[in-house]
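In what follows, residues are counted from 1 in the order of the sequence shown. As the structure is a prediction and not an experimental result, all values here were calculated from the model. Numbering of ligands and ligand atoms starts at 1, following listing order.
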Amino acid sequence: MDDPKAQVAKAKEEALSALASANTVEELTAWKNTYLAKKSPLSQLMGLMRQIPAEEKAAFGKTVNDARQEVETAFEAKKEQADKAALEAKLKAESIDLTLPGRHYDVGKTNPYWLVVDEMSAIFASMGFSIVEGRDVETDHYNFELLNVPKDHPARDMQDTFYLGDQLLLRTQTSAAQAHTMLDSKDKAPIKMICPGKCYRRDDDDATHSHQFGQIEGLVVDKGISMADLKGTLERFVHQLFGEKRQIRLRSSYFPFTEPSVEVDVSCAKCGGKGCNICKGTGWIEILGAGEVHPNVLRMCGYDPEVYSGFAFGVGIERIAMLRYGIDDIRRIYTNDVRFLKDFQEK
Ligand code: DAH
């Protein structure tokens, strides 16, 4: 058996030479479990202390500790290197190629229909109108009779619709909300409301018509309401929506539920009134129907026409969207083609 000091040197040399050929994290772990384990020769060197004379014990202890220290330091250095190399390899293997184009997620875009509903609602709300929710399914009574359109009235021809039963139908006009609002308010004025909603008609679908479309109804009822109030309100509406430069023009017309009745035109934005393809050479574009609420309607809906008067109007939502955003075909509004919505949003 070698003397204790030689055993220390030998254990150290063996550990270091084994360490020299351990390079990977796995090899180093295996090495550690062998050479730094409790039962390894290096760990058991202190056991040799028994053979050492008392006066040399301290020096021997130091030799053992130094040897162990040296081996451990060598191990730590290699371990650090191996860890670093392993991390680098991992990062390289998992590296992200930042030059790849990103993945595009489509978020929905608001349809121009809803953009103008919001815009028009905000304009009327700023003038003190409340927003009423009507109903898509109506009775003949509310959709026609209370609006001064009795059973045999010729105006019904233009508003044929989808019947859900003898008296139940899909409303042809948001005007039905006029009758509901007046009857719900029961002789109380003022009424100042708009009602945006869907309407339905038996219509041939083409670039400017659809069997389903949107309208915004407006109704004001109070004492002393005149055509001047109607004109002022609609002028303000047009200025807010299309710009201060636009003018309006009232043309006499006919609706069963208003008297007098008018159609309202707005001066053409493209030609400024000179006449172009947009306004069909007239300089004006029709945007809505309106009038003073017919005395029969007021009476049937619980208001004395001798005391109250009012004005009403009905505006087509798609038509406004088309004019506001230069959309050439009403069907684009319904098909929800993302390319159209996107293109339109960018405008
Ligand atoms: N309801 C009419 C239509 O669908 C539009 C309309 C015209 C509504 C005149 C009104 C109005 O309130 O006063 O053709």
Applying side-chain contact (heavy atoms from CB on, under 4.5 Å), name anything that partners Asn336, two or more places apart in sequence or on another chain. Asn111, Leu341

Check ligand 1 against [X] and write out every atom of the ligand that is under 4.0 Å from a heavy-atom position of the residue.
{"X": "Thr258", "answer": "13 (O)"}
{"X": "Ala312", "answer": "12 (O), 13 (O)"}
{"X": "Gly291", "answer": "13 (O)"}
{"X": "Gln178", "answer": "12 (O)"}
{"X": "Phe255", "answer": "7 (C), 9 (C)"}

Side chains of [X] and [Y] only: does a donor on one sit below 3.5 Å from an acceptor on the other?
{"X": "Gln173", "Y": "Glu217", "answer": "no"}
{"X": "Thr99", "Y": "Asp97", "answer": "yes"}
{"X": "Gln247", "Y": "Ser267", "answer": "no"}
{"X": "Ser43", "Y": "Arg68", "answer": "yes"}

Please confirm whether Gln215 comes within less than 3.5 Å of ligand 1 when only nitrogen or oxygen atoms on both sides are compared. yes

Can you tell me how the ring of [X] sits relative to the ring of [Y], calling it parallel under 30°, perpendicular over 60° and tilted otherwise?
{"X": "Phe313", "Y": "Phe129", "answer": "perpendicular"}
{"X": "Trp31", "Y": "Phe75", "answer": "parallel"}
{"X": "Phe162", "Y": "His211", "answer": "perpendicular"}

Test: side chain to side chain donor-acceptor pair (under 3.5 Å). Region: residues 78-91. Which pairs qualify, not counting sequence neighbours? Asn23-Lys78, Lys79-Asp83

What residue and heavy atom of the protein are closest to [atom], and at what distance?
{"atom": "atom 14 (O) of ligand 1", "result": "Arg201 NH2, 3.7 Å"}
{"atom": "atom 11 (C) of ligand 1", "result": "Phe257 CE1, 3.5 Å"}
{"atom": "atom 1 (N) of ligand 1", "result": "Gln173 OE1, 2.7 Å"}
{"atom": "atom 5 (C) of ligand 1", "result": "Gly314 CA, 4.1 Å"}
{"atom": "atom 12 (O) of ligand 1", "result": "Glu217 OE2, 2.6 Å"}

Met158: heavy atom below 4.0 Å from ligand 1, yes or no? no

Is Phe311 near ligand 1, meaning one of its heavy atoms is under 4.0 Å from it? no

If we set the cut-off at 4.0 Å for heavy atoms, which region of Ser175 has an atom near ligand 1: side chain, backbone, both, or neither? side chain

